[in-house]
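What you are looking at is a predicted structure, and each value in this text was computed from that prediction instead of being measured. Residue numbers start at 1 and run along the sequence shown. As a basis for the values below, the full set of heavy atoms in this structure was taken, side chains included, without hydrogen atoms, waters or symmetry mates.
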Amino acid sequence: MKKLCLFFCIVFLTISCQKSGETLEGKLYNSGYIYIQFQMNGQYETFQKASRDDFARGCQGEGTWTFQGNKITINPNNSGCDFNRNIAGQYTLEDNKLSNSTNTFFSSYGK
């Protein structure tokens, strides 16, 4: 009985961890030409590029993020461009998009 309980606890914890901020690490989101790349240790990078397949990047900046429940807080970044700096705020993660009252970012598969 104890082994069965331990098994279910491990399964529950594994499923719970999949809903944590760790699942965003490595994911790329974009809103038009503005991109957010979530990195490990609560870091993110923002940049602009003409298309997902374009290698040239501009307006790069770095900042931090946190995740609790389905709420993601994107803290200010050090980009030299207003559009990229203005992504800071609290977002709701729903399906494959991050949104708040002023911005919506969609999951962009690939890097």
Side-chain angles (χ1 to χ4, degrees):
M1 186 68 170
K2 287 183 181 181
K3 288 181 181 180
L4 184 61
C5 181
L6 179 61
F7 172 77
F8 284 115
C9 288
I10 291 171
V11 169
F12 175 76
L13 289 173
T14 301
I15 292 170
S16 297
C17 288
Q18 290 175 353
K19 294 185 178 184
S20 74
E22 294 175 44
T23 60
L24 288 175
E25 292 176 351
K27 290 195 176 178
L28 181 67
Y29 287 81
N30 74 295
S31 178
Y33 55 88
I34 299 174
Y35 288 78
I36 303 171
Q37 174 77 55
F38 290 97
Q39 301 171 343
M40 296 179 67
N41 301 323
Q43 302 290 314
Y44 76 89
E45 179 184 16
T46 182
F47 52 89
Q48 293 182 16
K49 59 183 189 172
S51 73
R52 191 184 83 168
D53 299 325
D54 191 358
F55 290 105
R57 294 179 174 189
C59 295
Q60 292 175 280
E62 296 179 338
T64 60
W65 60 278
T66 58
F67 188 77
Q68 184 172 7
N70 69 336
K71 301 292 183 192
I72 299 167
T73 301
I74 298 177
N75 297 310
N77 63 72
N78 61 359
S79 173
C81 301
D82 288 339
F83 287 116
N84 289 65
R85 279 196 310 271
N86 289 337
I87 66 170
Q90 186 166 359
Y91 291 79
T92 300
L93 175 62
E94 188 172 33
D95 297 322
N96 286 322
K97 72 177 182 178
L98 302 173
S99 60
N100 64 16
S101 60
T102 58
N103 294 313
T104 299
F105 289 86
F106 296 92
S107 179
S108 178
Y109 299 104
K111 295 182 180 179

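Atom CD1 in I36 sits 6.5 Å away from atom CG in L98 (nearest 0.5 Å). Remark: T104 OG1 to N30 CG distance equals 11.5 Å, nearest 0.5 Å. Atom CD in E45 sits 10.0 Å away from atom CG in N78 (nearest 0.5 Å). Between the CD atom of E25 and the CD atom of Q37 there is a distance of 11.0 Å, given to the nearest 0.5 Å. Taking OH from Y44 and CD from E62, the interatomic distance works out to 10.0 Å, rounded to the nearest 0.5 Å. Taking OG1 from T64 and CG from N75, the interatomic distance works out to 3.5 Å, rounded to the nearest 0.5 Å.
Using a 4.5 Å cut-off on side-chain heavy atoms (C-beta onward), F38 and I74 make contact. Looking at heavy atoms from C-beta onward, Y29 lies in side-chain contact with L93 at the 4.5 angstrom threshold. Side-chain contact between F105 and I87: present, with at least one pair of heavy atoms (C-beta onward) separated by less than 4.5 Å.
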List the steps, then state whether side-chain contact (heavy atoms from CB on, under 4.5 Å) holds for I72 with Q90.
CA-CA 6 Å; I72 299 167; Q90 186 166 359; over 6 Å; no
Stepwise, does the side-chain contact (heavy atoms from CB on, under 4.5 Å) test hold for Q48 with I34?
CA-CA 5 Å; Q48 293 182 16; I34 299 174; 4.2 Å; yes
Let's go through T46 and Q60 carefully: what are the C-alpha distance in whole Å and the side-chain angles of both, what is the deciding distance for side-chain contact (heavy atoms from CB on, under 4.5 Å) to 0.1 Å, and is it a yes or a no?
CA-CA 6 Å; T46 182; Q60 292 175 280; over 6 Å; no
side-chain contact (heavy atoms from CB on, under 4.5 Å) between N103 and S31, worked out:
CA-CA 8 Å; N103 294 313; S31 178; 5.7 Å; no
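Between the side chain of N41 and the backbone N or O of Q43 there is no donor-acceptor pair closer than 3.5 Å. Remark: side-chain polar atoms of S79 are not paired, donor with acceptor, to backbone N or O of R85 under 3.5 angstrom.
In this pair, Y35 and F47 present their aromatic rings parallel. The plane angle is below 30°, not in the 30 to 60° band.
Judged purely by distance below 3.5 Å, without hydrogens or angles, the side chains of K97 and S107 never pair a donor atom with an acceptor atom.
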